[in-house]
Amino acid sequence: MRRPTVVQPMEPVSPMRWSRYPINTMKDTPAEAELVSHRLMLRAGLIRRLAAGIYTWTTLGLLTLRKVEAIVREEMDRAGAFEVLMPAVQPAELWQESGRWGEYGPELLRLQDRHERDFVIGPTHEEVITDFVRRDLQSYRQLPVNFYQIQTKFRDEIRPRFGVMRGREFIMKDAYSFHLDEASMAAGYAAMRDAYTRMFTRMGLDFRAVRADSGAIGGSASEEFQVLADSGEDAIVFSDGDAYAANLEMAEAVAPAAPRAAPAAALERVATPQVRTIAALTAFLNVPAAQCAKTLLVEAADGGVVALVLRGDHELNAVKAQKLAAVASPLRLASAEAVLAASGAEPGFVGPVGLKCPVIADRSAVVMADFTCGANAHDTHLTGVNWGRDLPEPQVADIRNVVEGDASPTGTGRLSIMRGIEVGHIFQLGRKYSEAMNCAVLDEAGRSTTLLMGCYGIGVTRVVAAAIEQNHDDRGIIWPEPIAPFQVVLVPINPAKSQRVRETADRLYDEFTRAGIEVLLDDRDARPGAKFAVAELLGIPHRIVVGDRGLDAGKLEYRHRRATESEELAVDDALAFIRSRLAPR
RNA sequence: CGGGGUGUAGCUCAGCCUGGUAGAGCACUACGUUCGGGACGUAGGAGUCGCAGGUUCAAAUCCUGUCACCCCGACCA
């Protein structure tokens, strides 16, 4: 028996016979891939890299990508949003009008046309949609309205990495809603929150909605949808006492319950040669880090410097710090020269005592008593320092990252920290863009009213990577069924040798296909082990093996991708059996 | 952008130190043997050694420059 010969072009072929389907898997992992999802996407042949952060989606990869898109589209439509498709290339004028031409920075890919007119490749579409709406909507009667698109974006990331997880070119679903008043904006936001919850639930992902910083996009209320995965780039914070969940950037660190103790020690100067870090200090003086003050000098909004004081075992939260009026945004550490000028010492020996600049202490730092800190002199620290006695009471703010075990800001429970992958982000934007771009309609009373906006993003390509990050084992991908490229893989054993096997597999394939089940028939003349290994790499949820061994008893073998054992089923029951195992769609 | 590293066949890499015929495994093609967990044999196709300059009788190898990519830190769907 020969291998399946190449089918002539005129001959109708069924698209899902493996021998005719473009699947290209790899045994070796390309050296560039660090993250599991990136490795598996390359090995399974879902994506191929063209340049840094720029990928081709293969036929196989597209099957999953399109399924994710379809779920997103269905839920957006269900929520009453209307699909549009905006240009990827946008004129600079719109960005100048909104002010972001100057604000956005190098992440915005700018280009010129032949007439030397400036354009950008859209990293997001607030400007374009606002322009569209201000031209097309004239009456409050047309509100509220929500437009969305599923489209390719480009962000010239500082460091693209992890394959499609943090690519420069990526597919995003972005939606923008327009409202006459706050209540309507809040309702539109809530509707999107529900839609997102439905989508990610349908996709079979373990995710959480968490409070977030609204960052560069601007606006007020904002939540991120985070897929839980140890490899996630974001730290997310949960309370064990209630539903509180927030991005670490946003999670409030509450003031300690216990008041500051009365001073018990005298202020002393101690020589601490070469002791520049909290770790070195705790070792050298044998004091706990929580008893030390960490003083960071950062650039001030007025051009000078500001001292930020934290407990030695805590970390500065840059997002919180740069929101303080006195602190320059974005946050930058003061230069070594500026540190010397303000403190009289080099970094490592700075402390809040006698500093010639404003001092802002964290809520946890201000309740310390008898603490240790830099003396603002070379190779010297102070011990037994007390606020109020040895230095003025500082301004107090929440400027640190919460840590595991902190009290929840809601007052109930303790905080724990997990890792997440941000796959969605929803914002109430308010009038940031509509005001800058004069997007208004006439209200009931005939008054011109600037619209309120919400915007809602989903990283469609990132969702695929996140799903793999959360669903894999050492053999490969384990797709959640709703986004699997195929629901079923049919594996005939030695079909070239057994006509019975071949015919049974063909018949099941036709039967399943007619029933609307997405089935891939592995009709290659490969060894069984190779077929199993590749099917597992691809992560197809349901596998049916057709072999002479089973057919002698009229049986097939079924195995779910997550199962470790196969089960038998009668050939004649195959369709009914598979239907019973498929998730309702 | 700062720090570290890598560019040799589609993929993983050896060769470079010590200059002299460009290699292995996987993948691919043909044939044969094999056939329930990524088989084996034989034969074959496939590489401007990232690019440019220099040194040299001779450069994948040494030197200079340049580009690309990867990893670690500040941004985001």
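A note on names: the letters A, B, ... follow the listed sequences, proteins ahead of strands, and every chain is numbered from 1.
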For this session: Please examine the side chains of A/Val519 and A/His542, heavy atoms only from C-beta on, and report whether any two atoms are closer than 4.5 Å.
Result: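 When only atoms from C-beta onward are counted, A/Val519 and A/His542 do not touch, as no gap falls below 4.5 Å.
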Exercise. Does any non-hydrogen side-chain atom of A/Asp548 lie less than 4.5 Å from one of A/Arg500?
Worked result: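 Yes, at least one pair of side-chain atoms sits under 4.5 Å.
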Can you find a donor-acceptor pair, distance only, under 3.5 Å between [X] side chain and [N] base?
X        : N     : value
A/Arg166 : B/C76 : yes
A/Arg43  : B/G38 : yes
A/Asp28  : B/G25 : yes

Measuring from the side chain of [X] (C-beta onward, heavy atoms only), which nucleotide among [options] has the closest atom?
X        : options             : result
A/Phe170 : B/G38, B/A77, B/C71 : B/A77
A/Arg159 : B/G38, B/C72, B/A77 : B/C72
A/Met26  : B/G36, B/C11, B/A77 : B/C11
A/Pro528 : B/G73, B/G36, B/G38 : B/G36
A/Lys27  : B/G73, B/G38, B/C35 : B/G38

For nucleotides [N] and [M], find the distance between their [atom1] atoms and express it as a whole number of Å.
N     : M     : atom1 : value
B/A14 : B/A24 : P     : 16 Å
B/A46 : B/G23 : C1'   : 14 Å
B/G50 : B/G44 : P     : 27 Å
B/U8  : B/G4  : P     : 22 Å
B/U21 : B/C49 : P     : 13 Å
B/C11 : B/U48 : P     : 13 Å
B/A22 : B/U12 : P     : 24 Å
B/C26 : B/C40 : C1'   : 15 Å

Give none if [N] has no partner; otherwise give the nucleotide forming a Watson-Crick or G-U wobble pair with it, both distances under 3.5 Å.
N     : answer
B/C1  : B/G73
B/U61 : none
B/U56 : none
B/A24 : B/U12
B/A43 : B/U29

Over all strands shown, is [X] touching base, sugar-phosphate only, or nothing at heavy-atom distances under 4.0 angstrom?
X        : value
A/Gly424 : sugar-phosphate
A/Val491 : nothing
A/Ile171 : nothing
A/Glu224 : nothing
A/Val423 : sugar-phosphate
A/Arg549 : base
A/Asp234 : base
A/Arg168 : nothing
A/Ile493 : base
A/Gly476 : nothing
A/Arg543 : base

Rounded distance (Å) that lies between atom [atom2] of [N] and atom [atom1] of [X]:
X        : N     : atom1 : atom2 : answer
A/Asn247 : B/C76 : CG    : P     : 11 Å
A/Glu103 : B/C75 : CD    : C1'   : 15 Å
A/Phe200 : B/A77 : CZ    : P     : 12 Å
A/Met165 : B/A77 : CE    : P     : 15 Å
A/Leu248 : B/C76 : CG    : P     : 15 Å
A/Arg39  : B/C71 : CZ    : P     : 12 Å
A/Asp522 : B/G36 : CG    : P     : 15 Å
A/Tyr148 : B/A77 : OH    : C1'   : 17 Å

For this session: Report yes or no: is the cationic atom of A/Arg66 (NZ for Lys, CZ for Arg) under 6.0 Å from the centre of the six-membered ring of A/Trp57, at an angle within 45° of the ring normal?
Result: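 Judged by the rule (NZ or CZ under 6.0 Å from the ring centre, within 45° of its axis), A/Arg66 is not positioned above A/Trp57.
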Exercise. Within 45° of the ring axis of A/Phe532 and under 6.0 Å from its six-membered ring centre, is that where the NZ or CZ of A/Arg543 lies?
Worked result: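 Yes, cation above the ring, under 6.0 Å and within 45°.
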For this session: Please work out whether the ring planes of A/His425 and A/Phe427 are parallel, tilted or perpendicular, with thresholds of 30° and 60°.
Result: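 The arrangement is parallel - the two ring planes meet at less than 30°.
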Exercise. Does A/Lys67 use its side chain to pair, donor to acceptor, with the backbone of A/Pro482 at less than 3.5 Å?
Worked result: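 Not a single qualifying donor-acceptor pair exists.
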Exercise. Start at the 5' end of RNA chain B and walk down; is the nucleotide closest to A/Glu107 or to A/Gly550 reached first?
Worked result: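 Mapping each residue to its closest nucleotide by heavy atoms, the 5'-most match is A/Gly550.
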For this session: Return the 5'-most residue of the pair A/Gly459, A/Arg559 with respect to RNA chain B, ranking by each residue's nearest nucleotide.
Result: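 Whichever sits nearer the 5' end wins; that is A/Arg559.
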Exercise. May A/Phe532 be described as stacking on the base of B/G36, applying a 5.5 Å centroid limit and a 30° limit on plane angle?
Worked result: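 Per 5.5 Å and 30° rule: no stacking.
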Problem set entry | Pair A/Asp230 + A/Arg419, salt bridge at N-O below 4.0 Å |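 Answer for the salt bridge query: no.
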Exercise. Distance check: side-chain N/O of A/Arg462 vs OP1/OP2 of B/A77, anything under 4.0 Å?
Worked result: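 It does not, given that no N or O in the side chain of A/Arg462 lies less than 4.0 Å from OP1 or OP2 of B/A77.
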For this session: First locate atom CD of A/Gln151, then atom NZ of A/Lys173, and finally report the distance between them rounded to the nearest 0.5 Å.
Result: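 Reported to 0.5 Å precision, the distance equals 12.5 Å.
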For this session: Go through the steps to decide whether A/Arg561 and A/Asp473 satisfy the test side-chain contact (heavy atoms from CB on, under 4.5 Å), and finish with yes or no.
Result: CA-CA 10 Å; A/Arg561 178 64 179 81; A/Asp473 60 18; 2.8 Å; yes
